Protein chains: 2
Amino acid sequence: MFDKVLVAEDYEIANQGIVKVLNDGIGIHNIHEAQYCDDAYLKFRKANLDGDLFDLLITDLSFKENHKKQIRTSGIELIEDIRTIQPDIKVIVYSQESRPDRINMLFEKLAINGYVCKGQHSVKELIECVNGVYQGKKVVPPLLRDHLDTNTIINLDDFDMLLLEELSCGFTKKEIAATLKSKNITPNSESTIDKRISRLFDNFKAKNTTHLVAIVKDLGLL
Amino acid sequence: MFDKVLVAEDYEIANQGIVKVLNDGIGIHNIHEAQYCDDAYLKFRKANLDGDLFDLLITDLSFKENHKKQIRTSGIELIEDIRTIQPDIKVIVYSQESRPDRINMLFEKLAINGYVCKGQHSVKELIECVNGVYQGKKVVPPLLRDHLDTNTIINLDDFDMLLLEELSCGFTKKEIAATLKSKNITPNSESTIDKRISRLFDNFKAKNTTHLVAIVKDLGLL
DNA sequence: CCCTCCATTACGGAAATCTGTAAGGACATA
DNA sequence: TATGTCCTTACAGATTTCCGTAATGGAGGG
C-alpha cells in the first residue's frame, strides 16, 4: 500500500476526516496535511529534495482565498506544478464538482488516477479509490460510470455556465450581451444568447429563466 | 468533559473529521455517528430507554435526501424532536449557514448552545465551542458577534415563502394568482402578488425574479 | 465542389415582467 | 372622530422575455 501521502484540502474538518479514513480504513499512517495549494507544493518539493518522495496526493479542487497571497489557487494548478517535479505521482481528486465533462477533463488533461465526489458516502468511495489507484487502476466515480453509456449527459460548456451565472445575478439578456461584447467574448449577440438559453430550457425542462436558475441551483451546478 | 456524544452529519468525511477532532483535540472517545436525522433520533431514544443518555448532540442542519423516506429532513426538526425526549440536552449546530438571522433563530427558537460555521478553520472553532458549551456558555460564532447590533433581519412569512416556491417552479404571476384562488388562499390578486414580490426585491436587493430566486436558493431558504 | 448540418445573428409579435400611481378598507392611535 | 399607516386591489406604460421565422456562414462528408 501507499506509504507516504499528502492531503491537500482547505476545510480542516474534511481534512481531518480524510486522514482518519486513511488511518482507520486503509492503514496509512504517514500522512501529511496542507490547507493551501502553495503549502502542498512546498511540502512536495521539500520531500523531493530530501529524497523522501510522496506516493500519493489527495487534493481538493477549490481552495478558499487566503489572507496571504497564494500563487496557486486551485487544485488544477497544484497538480500541474507537482507533476513537473514528480511526473509519476499518483493523484486522487476529492471534490464537490459533479459536472461529468469537468471530471472527465481532469482524467484526460491532467491524467489524474482517481476521483471521489464529496458526498454522503465518500468514505467507501475514497477507500475503494485509494485501493484501486494503488493497483494501477483509473478509478472513475460512480456518477461518471452511470452516465457513460446513457448519453443523457447535459453537456454544459463554459459559455452556458457563464450565461447561467449572469442570469442568476439578475442581468437581462441585453446586459449580458453588452458584458460579453465589452469582454470580447463571442458569441455575444442578443439572439444567440436568447437561443442558448432556450436550449437550456429544453435541456433542463425549464419553463422560464427563473425556473431554469432554480433547477440549476438545486443541482448544485451554480 | 462531555462523555457521550452523538454526531449527526450526512457527509461521511466531515463526520469522520468531527470524530477525529473530538478524539484527538478534546479527548472524547464515546462518540456515536448518524448520517440521517431519523437515525440520530432513534439512537437518542434508545439511549434514553437504556438510561445511558447522550451529553451532547453535534448536528448539521441540512441533510441530503435519502433513498429511504425520512421523517425528518433537517437538523431543526431533529433538534425539536430530541428536545421532547431529553429537554436539557446540549446542542451544537455545525453547518454551512452563514446568515446571521437564521443562526440567531437557532439560538432563540431552538435554544441551541453553540454554533460552528463550516469553514477553513473550524477545528479550532469546534474545540472552543465544545469547551464553552461544557462550561455552560452560549457559544456564538465570530460571524454573529460582529453583527449583533446591526439587526437587519429579513422576516419572511408563509405567503412570501409560497410565492418564492411557486416562482422557483417557473409559474407566472398569473398562474400563481389562479392557483391561490383555486386553493382559496388570500390575498390572491395579481397586483398583490406583484407588490409582494417587489417588496422581496427590496428586501434581498434583487434586480428581478430570476435574481431573487437565485439569492434565496443560495441562502438556503428554498 | 456541392450539400447538409449547425451555430450565429437579425427581427417581430404575443406574453410576462417591472414600476409607477391611485383608490378603498382594516386597524391602531391620539 | 380624525389621522396615519399598511395591505389589498386595479390599471397603465415601458421594458423584457419567450418563441417563432429566416438569412448567413463555416465545418465536414460524399
Side-chain angles (χ1 to χ4, degrees), chain A residues 101 151-218 222, chain B residues 151-218 221-222:
Chain A
D101 57 323
N151 50 354
T152 54
I153 308 173
I154 298 171
N155 227 333
L156 299 181
D157 60 23
D158 290 339
F159 191 75
D160 290 320
M161 291 305 291
L162 181 59
L163 292 184
L164 290 171
E165 191 71 52
E166 295 288 309
L167 287 176
S168 80
C169 290
F171 293 112
T172 66
K173 293 165 190 185
K174 207 183 289 265
E175 288 170 327
I176 296 175
T179 306
L180 292 179
K181 286 193 181 88
S182 77
K183 288 187 184 171
N184 272 334
I185 300 175
T186 54
N188 55 35
S189 78
E190 262 184 75
S191 26
T192 300
I193 293 170
D194 214 339
K195 273 271 183 295
R196 287 281 201 142
I197 293 172
S198 287
R199 198 170 61 188
L200 290 174
F201 288 173
D202 295 341
N203 288 340
F204 290 102
K205 312 204 190 318
K207 290 203 264 278
N208 53 40
T209 311
T210 305
H211 194 198
L212 175 66
V213 166
I215 291 170
V216 172
K217 286 277 180 194
D218 280 343
L222 262 187
Chain B
N151 50 352
T152 53
I153 305 171
I154 299 169
N155 228 334
L156 300 183
D157 62 22
D158 290 340
F159 191 74
D160 290 321
M161 291 306 292
L162 181 59
L163 293 184
L164 290 171
E165 191 70 52
E166 295 288 308
L167 286 176
S168 80
C169 289
F171 294 112
T172 66
K173 293 163 190 186
K174 210 182 286 264
E175 287 170 328
I176 296 175
T179 305
L180 291 179
K181 285 193 181 88
S182 77
K183 289 188 184 172
N184 273 334
I185 300 174
T186 54
N188 55 35
S189 79
E190 261 186 76
S191 25
T192 301
I193 292 170
D194 217 339
K195 273 273 182 295
R196 286 282 201 141
I197 293 172
S198 287
R199 197 170 62 186
L200 291 174
F201 288 174
D202 295 341
N203 287 339
F204 289 103
K205 309 201 191 322
K207 289 203 265 280
N208 53 39
T209 311
T210 305
H211 194 200
L212 175 66
V213 166
I215 291 170
V216 171
K217 285 276 179 196
D218 280 343
L221 297 180
L222 263 187

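Source: prediction; values computed, not measured. Convention: sequence-line order gives letters A, B, ...; per-chain numbering from 1.
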Problem set entry | CA sep, side-chain torsions, deciding dist, call: B/Arg196, B/Asp157, side-chain contact (heavy atoms from CB on, under 4.5 Å) | CA-CA 11 Å; B/Arg196 286 282 201 141; B/Asp157 62 22; 3.2 Å; yes
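Regarding B/Lys181, its NZ atom lies at a distance of 14 Å from the P atom of D/dT8, rounded to whole Å. Whole-Å rounding puts the B/Ile185 CD1 to D/dT8 C1' distance at 16 Å. If you measure from atom CG of A/Asp157 to atom P of C/dC6, you get 16 Å, rounded to the nearest angstrom.
Heavy atoms of other residues, nucleotides or ligands lying less than 6.0 angstrom from NZ of A/Lys181 number more than 12. No more than 12 heavy-atom neighbours from other residues, nucleotides or ligands sit within 6.0 angstrom of CG on B/Asp158.
In this model, the phosphate group of D/dT8 is approached by a side-chain N or O of B/Arg196 to a distance below 4.0 Å at OP1 or OP2. Not one side-chain nitrogen or oxygen of B/Arg199 sits closer than 4.0 Å to the OP1 or OP2 atom of D/dC6.
With respect to A/Arg199 and A/Asp194, no salt bridge is recorded, no charged nitrogen being found less than 4.0 Å from a carboxylate O.
In this model, a donor atom of one side chain and an acceptor atom of the other lie less than 3.5 Å apart for B/Thr210 and A/Thr210. With no hydrogens or angles considered, no side-chain donor-acceptor pair links A/Thr179 and A/Ser182 at under 3.5 Å.
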Seminar exercise, completed: Letter by letter from the 5' end, nucleotides 9-22 of chain D scores (B base, S sugar-phosphate only, - none; protein heavy atoms under 4.0 Å) BB-----SSBBBB-
